[in-house]
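Scroll down for the structure; my scribbles are underneath it.
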Amino acid sequence: MDLSGVSNPICRLRVAVDAPQHSGIGAPLDYLSEQALPPGSLVQVPLGKRELTGIVWDPLPADADAEGQVLPDTALRPIGQALLELPPLTLNWRRLLDFAASYYQRSVGEVALSVLPPQLRELDAKQLQGRLKKLHKWVEAEAKDGAPSAQRPELSPAQAEVLAQLDALLLAERASDATGSAPGPAPVLLHGVTGSGKTEVYLRAAEHALNQGRQVLVLVPEINLTPQLEARFAERFQGHRIVSLHSGLTPAQRLRNWLAAHLGQAELVLGTRLAVFASMPRLGLIVVDEEHDPSYKQQDGARYSARDLAVYRAHLERVPVILGSATPSLESWQHANTGRYRRLALPQRIGGGAMPRLRIYDMNLLPRKQGVTTALAQPLLAALRERLQRGEQSLIFLNRRGYAPVLHCGECGWKSECPHCSAYRVFHKGDRTLRCHHCGFSERVPRACPDCGNQDIAPLGQGTERLEEQLAAALPEARVARIDADSTRLKGALEAQLGAVHAGEVDILVGTQMITKGHDFRRITLVAAVNPDAALFSSDFRAPERLFALLMQAAGRAGRDAEVAARSEMWLQTWHPQHALYQSLLRHDFEAFAKSQLAERESAGLPPYSHLALLRAEARTVEAAQGFLEAAARHAGTLPDAQTVLVYPPVPMSVARVANVERLQMLVESPTRGALQRLLWQWMPELHALKREHKGLLRWAVDVDPLAI
DNA sequence: AGCACGCCGACT
DNA sequence: GTCGGCGTGCTC
């Protein structure tokens, strides 16, 4: 369009709006405007009877063949108010969103609007002005002078080496940048065990970027982990403004922090996966801590991987990205093997502390009584007693909340199935309920078997509640605390419980994987995993990788102080002591584990040696969901990439029915990303059409790079 | 997703 | 005669 034409001051704007993709609106919509607003501006636009906030998107390139029909000007509606006070979102931000939307098969509008602070959408120009004024006041009140940073600890030789290599990488990059065609610095995979000082490397790298007047983005997997990391960064960079960005903030805080980043006033942004989309006009470094963590993958809506998008964003911005982990994802590990990523290692714990000694206890040695009634073997209890006598703390990890996963009638065989899901309801003794962890259905625990009236119904298996009870019985003098999703439901409960542990008011801490992440317990010298075996035989091909990471992370909780490291132990109770995974863990040998896993993946044609997507369908009946998927599969067979991309038959999901909805999925496997993307693109319009034909279908969704299949 | 329009059952 | 059930279809 020609904006210089004075004869017609009306121009066309493409605006991305939050119209869900199944509405058929995939691309930004055209509107009329009397003003040529720059792309990235926020505007109110009418859509049907509604007035929505949209983002002015980039005009289509002139050479784009008119895909879809171009509407005549007369069919277009004028835009509403524009939020001119807000600087436009940058080209690179829009490119990141274009990429994310197309890669994960969603509309740009949906993704772009969903990653803005929700409050920003509600505001009109006037209200926004108010917020900006408030922000400026806040900024002035907390004036940051950019003063020299606080005292820094001396680097270990390994840290110094890693930082030197980072520097070299940046220098090489700058040299090649002169040619103008530089791809940006290679992503760095920082492999270092818990306590090896990865955070100090992040801090130094951040300092480097800050000194150049750039902004730094740090991603963590969980909200719980932001406060302590924020404290660490705040302490180091006292002269710099640091904000967090995650879904736990109040709407007002989230808007304020987002604006601070967008206006360049916040120099450090720390957040969970949604923060990967933070608007940061002077971005100079991205850090992804615990890059292997599954929480980086969004599980609904646009199913993006914040880690992968962080790598893409760094590439767009030509800035370094550091992926840190003690147990890198096999995808990242493989990228490092092929040289796409640069691997840097911190092989030792700081201060010469060793990782805790691993003791594998063979559960087959348990005296055979009437089945296994306790989760705790005698030798483990003895080890706990020893810690108790020395005044040291222990941590017991069991990835199952509640008292027992199933309630069972020995008389007629009744089990506590959920009436709405294909799963058992979990027995929660605390509030005497049977609770379904999938749909939330909860009932008071029956006194007798609901089928045969037998009074003697028994819990089967172990949950954290039961473990807590058994510990209290076996070690009456111990102060036992439990941390899981149930004990931390109330706001502030987690902080309070962690505080009690740190204050030494707890001898034994029982919990789910919640306690294995991040928290730095100085006085723990014993970590035990009492029932990790289930993951060994899971049908999920990533289960071993996750288990290894989880156990390694749990082990890292023990003996972080060098003085106690020597007597720190990690106990593993298993029925399969010879399993290769445990044997690698015994030697703290991630590399051997990764190597064997990669070999298995390669022979099975699984990621990272292939690329996957899932087509999921939900319906009231299996037939409806299956009918849709089968029709979709038939159509996929007619697409040009059908020769290279494999579409497997539909199968029920591992929990096939949730809240009376049947869930099936179909695996799509491709040797290359390109072929997979092409097929998905060509498939999508037909999937929308099929949804209309298959009336019983409730929902369908595509999951690109799914974590579990 | 919203929010219409639209075409059939029990109510003041 | 009308209030309202949720099926179907559209939004630049």
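Naming: A, B, ... by sequence-line order, numbering from 1 per chain.
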By the 4.0 Å heavy-atom rule, please label A:P46 as base, sugar-phosphate, or nothing.
sugar-phosphate
A:L697 CG to C:dG7 C1', straight-line distance once rounded to whole Å
16 Å
Taking CG from A:L29 and C1' from C:dC10, how many angstroms apart are they, rounded to a whole number?
12 Å
May I ask you to decide whether A:R95 forms a salt bridge with A:E317, counting only side-chain N to carboxylate O separations under 4.0 Å?
no
Residues passing the side-chain contact (heavy atoms from CB on, under 4.5 Å) test with A:Y424, sequence neighbours excluded, are A:V406, A:K415, A:S416, A:E417
To the closest 0.5 Å, what do you measure between CG (A:L84) and CG (A:L37)?
6.0 Å
Could you list the residues that satisfy side-chain hydrogen bond (donor to acceptor under 3.5 Å, both in side chains) with A:Q665, not counting sequence neighbours?
A:R616
Could you give the side-chain donor-acceptor pairs of residues 306-315 of chain A under 3.5 Å, partners two or more places apart or in another chain?
unit_1	atom_1	unit_2	atom_2	d
A:R307	NE	A:E291	O	3.2
A:R307	NE	A:E291	OE1	2.9
A:R307	NH2	A:S329	OG	3.4
A:D308	OD2	A:S305	OG	3.4
A:R313	NH1	A:V276	O	2.6
A:R313	NH1	A:A278	O	2.8
A:R313	NH2	A:A278	O	2.7
A:H315	ND1	A:P183	O	3.1

Mind calculating the distance between CD1 (A:I10) and P (C:dC12) to the nearest angstrom?
17 Å
Provide, to the nearest angstrom, the distance between the CG atom belonging to A:L76 and the P atom belonging to C:dT11.
12 Å
Measure from CD on A:E51 to P on C:dC12 and round the result to the nearest Å.
11 Å
Rounded to whole angstroms, how far apart are CG on A:D18 and P on B:dC3?
13 Å
Sugar-phosphate, base or nothing in reach of A:R77, heavy atoms under 4.0 Å
sugar-phosphate
Specify the separation, in whole Å, of atom CZ of A:R50 and atom P of C:dC12.
10 Å
Please state how far atom CG in A:D30 lies from atom P in C:dC12, giving the value in whole angstrom units.
11 Å
Nucleic acid contacts of residues 616-625 of chain A, taken as heavy-atom distances under 4.0 Å to DNA chain C
none
Residues two or more places apart in sequence or in another chain: which of them pass side-chain contact (heavy atoms from CB on, under 4.5 Å) with A:P221?
A:L225, A:E290, A:D293, A:S295, A:Y296
With sequence neighbours left out, write down each residue that passes side-chain hydrogen bond (donor to acceptor under 3.5 Å, both in side chains) with A:R282, or none if nothing qualifies.
none
From C-beta outward on A:K49, which listed nucleotide comes closest to its side chain: B:dG2, C:dC12, B:dA4?
B:dA4
